[in-house]
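Nothing here was measured: the structure is a model prediction, and the numbers come from that model.
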Amino acid sequence: MSVDLSEIEEAEVELEEWLVEQAENGIPEIVLIRLLRDYADDVERLGYVPRMWGELDR
């Protein structure tokens, strides 16, 4: 499956906006970093992005 470069750029912008919003709302950057790392580890382990995160073994 090929991904259009504009889709990647759009997702990147949306993620950046979400991260900024969280930081502006007082979520410490270290918490955001930990969340991103944990989710990245899950995706790497599984090989895909689960559609229902709550059912993962954490």
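Note that CG of L15 is 6.0 Å distant from CG of L36, once rounded to the nearest 0.5 Å.
Under the side-chain hydrogen bond (donor to acceptor under 3.5 Å, both in side chains) criterion, no residue pair touches residues 21-33, with sequence neighbours excluded. The side-chain hydrogen bond (donor to acceptor under 3.5 Å, both in side chains) pairs that include a residue from residues 6-20 are D4-S6, where partners are two or more places apart or lie in different chains.
One hydrophobic cluster, built from ILVMFWY side chains closer than 4.5 Å, holds both I30 and L35.
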### Task
Apply salt bridge (charged side-chain N to carboxylate O under 4.0 Å, His left out) to the pair R37 and D41, showing each step before the final yes or no.
CA-CA 6 Å; R37 286 185 178 150; D41 288 346; over 6 Å; no

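Summarising the geometry of L19 relative to L32, their closest heavy-atom pair is O-CD1, 3.9 Å, with the distance given to 0.1 Å.
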